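Residue numbers begin at 1 in each chain, while the letters A, B, ... track the order of the sequences. Treat the numbers as computed from the prediction; the structure is a model and nothing was measured.
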2 protein chains.
Amino acid sequence: MNPNREGDGWSALADGTRRAIVSRLADGPQAVGQLAAGLPVSRSAVSQHLKVLKDAGLVSERAAGTRRVYRLNPTAVAALRDQLDTFWQRALASYVEVAGQATEESP
Amino acid sequence: MNPNREGDGWSALADGTRRAIVSRLADGPQAVGQLAAGLPVSRSAVSQHLKVLKDAGLVSERAAGTRRVYRLNPTAVAALRDQLDTFWQRALASYVEVAGQATEESP
DNA sequence: CTTCTCGGTTAGGATTCACTAACGGTTAGC
DNA sequence: GCTAACCGTTAGTGAATCCTAACCGAGAAG
């Protein structure tokens, strides 16, 4: 068991193949065969990557007959984006703090 | 050279220790000893992580006497954030496309 | 000059990860 | 009932990764 609950999203996006899957799913829902046909890996690899992404909450699965359609979860993507945005804003704030040492702050 | 030029940032953020380093650097520049003192890993590990982050362009290093101060690079963080934002917007666009197919629409 | 602290580098081990290959289960169509 | 297509799962291998421990170089203080 890998208790990387918060880090799941980041480690899921660490792999290039998974980012490619996410990029394709961002354009619209697709099945496993569709994704594997456009990627240089086998179906098993795509299925495992989708499992990782689903476990991270980045994609959701829906059964459509005999094939399963996966679609991207915008909320999870937005959560990671917000976390990155927080880092960015804090970094800017620290820069302002350093800059404020030279001159006074302006309204 | 690492052929994962764009993916460097993502794989750099995949590790929890590196994210902790990034989080601390977001609050202000720090030296290696400072970071290692607040983290449950040794100085060597912190130095290696900083090398990975520097190679990914996420942090920049500046010599201050005998100790080196690392600081976060907001531009690289913003680049990753924008990429995530692109995924988010595309996913929303595909949702709108699917929603347009249905006749029901609720506020 | 000597000593002390700080930082980077290397070697080594243990863990984790990504991929292929083979199998079983489920649904659509004859 | 039977065939065909599609999908998920389980070994198993090879590579990448993260960590500690030990060594060495560079400045500051005495």
Which nucleotide wins on minimum distance to the side chain of [X], given the candidates [options]?
X	options	result
S44(A)	dG7(C), dC19(C), dA21(C)	dA21(C)
Q48(B)	dA22(D), dG8(C), dT10(C)	dT10(C)
A45(B)	dA22(C), dT20(D), dC7(D)	dT20(D)
R68(A)	dG7(C), dC7(D), dC18(D)	dC7(D)

Strictly below 4.0 Å: does [X] bring a side-chain N or O up to OP1 or OP2 of [N]?
X	N	result
Y70(B)	dG8(C)	yes
T17(B)	dC19(D)	yes
S47(B)	dG8(C)	yes
S42(A)	dT20(C)	yes

Would you list the protein and nucleotides 24-30 of chain C atom pairs, both N or O, that sit under 3.5 Å from each other?
none

Please give, in whole Å, the distance from [N] [atom2] to [X] [atom1]?
X	N	atom1	atom2	result
D15(B)	dC19(D)	CG	C1'	10 Å
L53(B)	dG8(C)	CG	P	13 Å
L35(B)	dC19(D)	CG	C1'	17 Å
D55(B)	dC18(D)	CG	P	13 Å
R43(A)	dC23(C)	CZ	P	15 Å
Q34(B)	dT5(C)	CD	C1'	14 Å
H49(A)	dA18(C)	NE2	C1'	6 Å
L39(B)	dG7(C)	CG	P	14 Å

Closest contact, heavy atoms only, [X] versus [Y]:
X	Y	value
V59(A)	L50(A)	CG2-O, 4.0 Å
R19(A)	F87(B)	O-CZ, 4.3 Å
R18(B)	A12(B)	NE-O, 2.6 Å

Closest-nucleotide ordering on DNA chain C, the 5'-leading residue of R18(A) and K51(B): K51(B)
Residue closer to the 5' end of DNA chain C, V41(A) versus G33(B) (nearest nucleotide):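 Final value for this comparison: G33(B).
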Please report, to 0.1 Å, the donor-acceptor pairs under 3.5 Å made by any side chain of residues 74-82 of chain A, with sequence neighbours excluded.
from, atom 1, to, atom 2, distance (Å)
R81(A), NE, D85(B), OD1, 3.3
R81(A), NH1, D85(B), OD1, 3.4

Base dG7(C) to side chain R67(B), donor-acceptor N/O within 3.5 Å cut-off: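 A donor-acceptor contact between them is absent.
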Main-chain N/O of [Y] paired to [X] side chain as donor or acceptor, under 3.5 Å:
X	Y	answer
N73(A)	S60(A)	no
R24(A)	L39(A)	no
R62(A)	Y70(A)	no

Single-linkage hydrophobic cluster V46(A)~V52(A), side-chain heavy atoms < 4.5 angstrom: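 Per the 4.5 Å side-chain linkage, V46(A) and V52(A) are not co-clustered.
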